[in-house]
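For reference, the structure discussed in these notes is given below.
In what follows, residues are counted from 1 in the order of the sequence shown.
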Amino acid sequence: METDEQTRQWAMLLHLSQFAGYVLPLAGLVVPIIIWQVQKQEMPALDIHGKIVANWIVSQIIYGVVFLLLCLVVIGFPLLVALAVLSLAFPIIGALKANQGKAWKYPFSITFF
């Protein structure tokens, strides 16, 4: 039972670690990957959360680049705002679901892993 609780806590931390980028540049990209890679051996259930977060990070970068290019035709500005809102909301929802013991795939996330 203790292992399940630890897995849920680490999964929640994994989702919330994306916010580290607001404190230290690129930390929101690096910290979740490190947590995932280090802890997935001890807690196999954490692997799915790591894949979900990694897929969202890569998707977010792709969307950001495309939306920046679309700023040349004005439509990119509201899309960047929407991406910023989703970048705040999705990790919080993912963390809450992880704390309940559920894996929640972020909508609009492209599956790479």
Would a distance-only check, ignoring hydrogens and angles, find a side-chain to backbone donor-acceptor pair under 3.5 Å from Thr7 to Leu46? no
Qualifying residues under side chain to side chain contact (heavy atoms under 4.5 Å, CB included), relative to Glu42, sequence neighbours excluded: Gln39
Nearest 0.5 Å, please: how far is CG in Leu69 from CG in Leu79? 12.0 Å
Do Trp10 and Ile52 belong together in a cluster built from hydrophobic side chains that touch within less than 4.5 Å? yes
Around Phe113, counting heavy atoms of other residues, nucleotides and ligands shown, do more than 12 lie under 6.0 Å from its CZ? yes
For residues 20-35, which side-chain N or O atoms pair as donor and acceptor with protein atoms under 3.5 Å away, sequence neighbours left out?
none

In one Ile/Leu/Val/Met/Phe/Trp/Tyr side-chain cluster, 4.5 Å: Val81, Ile61: no
Test Phe112 against Ile62 for side chain to side chain contact (heavy atoms under 4.5 Å, CB included), laying out the working first. CA-CA 12 Å; Phe112 296 101; Ile62 292 169; 3.6 Å; yes
All pairs passing side-chain hydrogen bond (donor to acceptor under 3.5 Å, both in side chains) where residues 104-113 contributes a residue, at least two apart: His15-Tyr106, Gln18-Tyr106
Look at the side-chain heavy atoms of Ile, Leu, Val, Met, Phe, Trp and Tyr, link any pair under 4.5 Å apart, and say whether Leu68 and Val74 land in one connected group. no
Report the C-alpha distance between Val58 and Ile110 in whole Å, list the side-chain angles of each, state the deciding distance to 0.1 Å, and finish with yes or no for side chain to side chain contact (heavy atoms under 4.5 Å, CB included). CA-CA 8 Å; Val58 174; Ile110 304 165; over 6 Å; no
What pairs of donor and acceptor atoms, side-chain ones from residues 84-95 against any protein atom, are under 3.5 angstrom apart with sequence neighbours left out?
from, atom 1, to, atom 2, distance (Å)
Ser87, OG, Gln60, NE2, 2.4
Ser87, OG, Leu83, O, 2.7

Which heavy atom of Phe77 sits nearest a heavy atom of Cys71, and at what distance? CE1-O, 3.5 Å
Through direct or indirect side-chain contacts below 4.5 angstrom among Ile, Leu, Val, Met, Phe, Trp and Tyr, which residues connect to Leu72? none
Which side-chain hydrogen bond (donor to acceptor under 3.5 Å, both in side chains) pairs, counting each pair once, include a residue from residues 72-84, with sequence neighbours left out? none
Result of checking Gln6, His49, Gln9 against Met43 for side-chain contact (heavy atoms from CB on, under 4.5 Å): Gln6
